[in-house]
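Atoms considered below: every heavy atom in the structure, side chains included; atoms not considered: hydrogens, waters and symmetry mates. As the structure lists them, so they are numbered: ligands from 1, and atoms in each ligand from 1.
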Amino acid sequence: MQNESTNVLLLGSGGREHALAFALAKSKNLGKLYAAPGNPGIGKLAELAALKISDHAAVIAFCKAHDIGFVVVGPEAPLVAGLVDDLNAAGILAFGPSKFAAQLEGSKGFTKDICAKYNIPTAAYQRFKALAPAIAYVRKMGAPIVVKADGLAAGKGVTVASTLTEAEQALADIFSGRFGEGECVVEEFLEGEEASFFVLSDGFNLLALTTAQDHKRVGEGDTGPNTGGMGAYSPAPCMTQALCDEALETIVRPTAKALTAMGHPYKGVFYAGLILTKQGPKLIEYNARFGDPETQVMMMRLESDLLELLMATATGTLKNVQAKWRDEPALTVVVAAKGYPGEIEKGSHINGLNQEFENGVEVFHAGTALDGEFIVANGGRVLNVTALSATVKDAQKKAYAAVDLINWKDGFCRRDIGWRAIQK
Ligand code: AMP
Ligand code: GLY
């Protein structure tokens, strides 16, 4: 790790990126922090740049003009589009996997084939490129069964079908072209608690970070449609050290080896979505980036220097660094616009964000925008009210107390974030 300071460009505009900015801002070798496109919360920690992330040449030109030494890519789309390859080709260091390696998230079939080849525990599956054989297969296997569109579908491409009718409807949808080319994975339904496990990989070494649990459904009691995540806490109590070790050795390490063997070592974060079955942890999916809202709780607990960790990942020097976490749990409540994950309205005012919240509370911005001097809603998931405390129950109480100090009539949140951990 060099000692001179580095100017950093953070890409993305969600609560995840606000939390990354919050941690990067504390890093000892941070020069100037820029973010694009960012949001008003990130704007308090970084200089915002009106850059179109999909315009790789524009991002590279910005980096050259502002002496950017390191780019941190938040969301998956630029990874899958090969932004890190283009930055590297221009001599710019970046955090995140190459386009090839990002297929771990971008293509479910790609990941499933690696699992099969390397004996990585996951649900039994078949890939299909046409409707008729897929239907024949689900009829043979019976329900419950899981149908997944291949490719990025913003969390909306998965149907956990409890009946055959539901499974066939999901297949018909996929092959109607809603999710692009019409390719799917049909897989065995796994039973068990879900948890997320995060591991940095520099292409040679792995460094296990920590765990978290998300709340995918929009409604209390885990009901209603799937969302990007309505709240989270870290660590996940069900992920004991022994289970983390097992997941690292049976799932993440063989995946890293597979990518190296394919000539594309994985550099970035493995976000492994796991189901803890009776036979042990099994992989449901990989994401090639940090989680949202999982990052918000992880960054509350991170004691180590985030920039140092991310740069060590990009430069192949992870073996020289350690990740230290506060023992206390953190919990975040997502405040979303009424109607989310369906139709929402933008532009309503949010008041009360400028007050001093209790110690250990951070309100991360996701879909917010500035309208003159006012903060207004500008997306589905809008705020992530996050608290660190001695227990999940205390963190929950503290987070909801802060939620109740915010005045936004068009927002809503789940009131039961953390229920599973608190029940334990
Ligand atoms: P994914 O987009 O792959 O994370 O899937 C979304 C959600 O579907 C997961 O968080 C699980 O709750 C559920 N899911 C996915 N695959 C399976 C499976 N094989 N068995 C049971 N549930 C699953
Ligand atoms: N919270 C789920 C995700 O980041 O994919």
What's the verdict on salt bridge (Lys or Arg N to Asp or Glu O under 4.0 Å) for Glu220 and Arg415, showing C-alpha distance, side-chain angles and the deciding distance?
-> CA-CA 7 Å; Glu220 275 147 32; Arg415 285 274 159 188; 5.9 Å; no
Could you point out which residue of Phe197, Phe198, Tyr286, Phe290 forms a ring pair (Phe, Tyr, Trp, His ring centres under 6.0 Å) with Phe270?
->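 The passing option is Tyr286.
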Per-residue contact class, Arg289 against ligand 2 - non-hydrogen pairs under 4.0 Å =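 Arg289 to ligand 2: side-chain contact only, backbone stays beyond 4.0 Å.
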Have a look at ligand 2 and work out which part of Tyr271, if any, has a heavy atom under 4.0 Å from it: side chain, backbone, both or neither.
->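 The answer is the side chain.
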Does Gly291 come within less than 4.0 angstrom of ligand 2, counting non-hydrogen atoms of the residue?
->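 Within the 4.0 Å threshold, so yes.
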Assess Pro293 for proximity to ligand 2: is some non-hydrogen atom of it under 4.0 Å away?
->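 Contact check Pro293 vs ligand 2: positive.
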Below 4.0 angstrom from a heavy atom of Asn287, which ligand 2 atoms are there? Numbered from 1 as shown, please.
->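 Counting atoms of ligand 2 from 1, those under 4.0 Å from Asn287 are 5 (O).
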Give the numbers and elements of all ligand 2 atoms closer than 4.0 Å to a heavy atom of Asp214.
->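 Close to Asp214: 1 (N), 2 (C).
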Purely on distance, is any nitrogen or oxygen of [X] under 3.5 Å from one on ligand 2?
X	result
Gly228	yes
Lys216	no
Glu294	yes

Determine whether more than 12 heavy atoms belonging to other residues, nucleotides or ligands lie under 6.0 Å from atom [atom1] of [X].
X	atom1	result
Glu345	CD	no
Gln322	CD	no
Lys26	NZ	yes
Lys338	NZ	yes
Asp404	CG	yes

Under 3.5 Å, is there a donor-acceptor pair linking the side chains of Glu362 and Gln296?
->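 Per modelled atom types, Glu362 and Gln296 side chains form no pair under 3.5 Å.
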Side-chain donor-acceptor pair present, Thr122, Lys112, cut-off under 3.5 Å =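 Indeed, the side chains of Thr122 and Lys112 share at least one donor-acceptor pair under 3.5 Å.
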Under 4.0 Å from a heavy atom of [X]: which atoms of ligand 1 are those, numbered in the order shown and with their elements?
X	answer
Glu187	16 (N), 17 (C), 18 (C), 19 (N)
Phe189	20 (N), 21 (C)
Ala123	19 (N)
Glu285	1 (P), 2 (O), 3 (O), 4 (O)
Lys216	4 (O), 10 (O)

Please say whether Glu194 places an N or O atom under 3.5 Å from an N or O atom belonging to ligand 1.
->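 Yes, there is a polar N/O contact under 3.5 Å.
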Within-cut-off N or O pair, Val146 and ligand 1, under 3.5 Å |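 Among all N and O atoms of Val146, none is under 3.5 Å from an N or O of ligand 1.
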Any idea which of Val158, Val186, Asp214, Asn287 brings a heavy atom closest to atom 5 (O) of ligand 1?
->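 The option holding the nearest heavy atom is Val158.
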With heavy atoms under 4.0 Å as the rule, classify the contact between Val160 and ligand 1 as side chain, backbone, both or neither.
->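 The part of Val160 near ligand 1 is the side chain, not the backbone.
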Within reach of ligand 1, part of Lys148 (heavy-atom separation under 4.0 Å) =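 Lys148 to ligand 1: side-chain contact only, backbone stays beyond 4.0 Å.
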When you look at Glu168 and Arg139, which way does the salt bridge (Lys or Arg N to Asp or Glu O under 4.0 Å) test go after all the steps?
-> CA-CA 9 Å; Glu168 290 181 24; Arg139 286 189 184 156; 2.8 Å; yes
When the aromatic ring centroids of Phe95 and Phe70 are compared, is their separation below 6.0 Å?
->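 So the answer is no for these two rings.
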Taking the six-membered ring where the residue is Trp, are the ring centres of Tyr137 and Tyr125 under 6.0 Å apart?
->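 Ring centroids of Tyr137 and Tyr125 are no less than 6.0 Å from each other.
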Quick one: does Lys108 get within less than 4.0 Å of ligand 1, heavy atoms only?
->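 Judged by the 4.0 Å heavy-atom criterion, Lys108 does count as contacting ligand 1.
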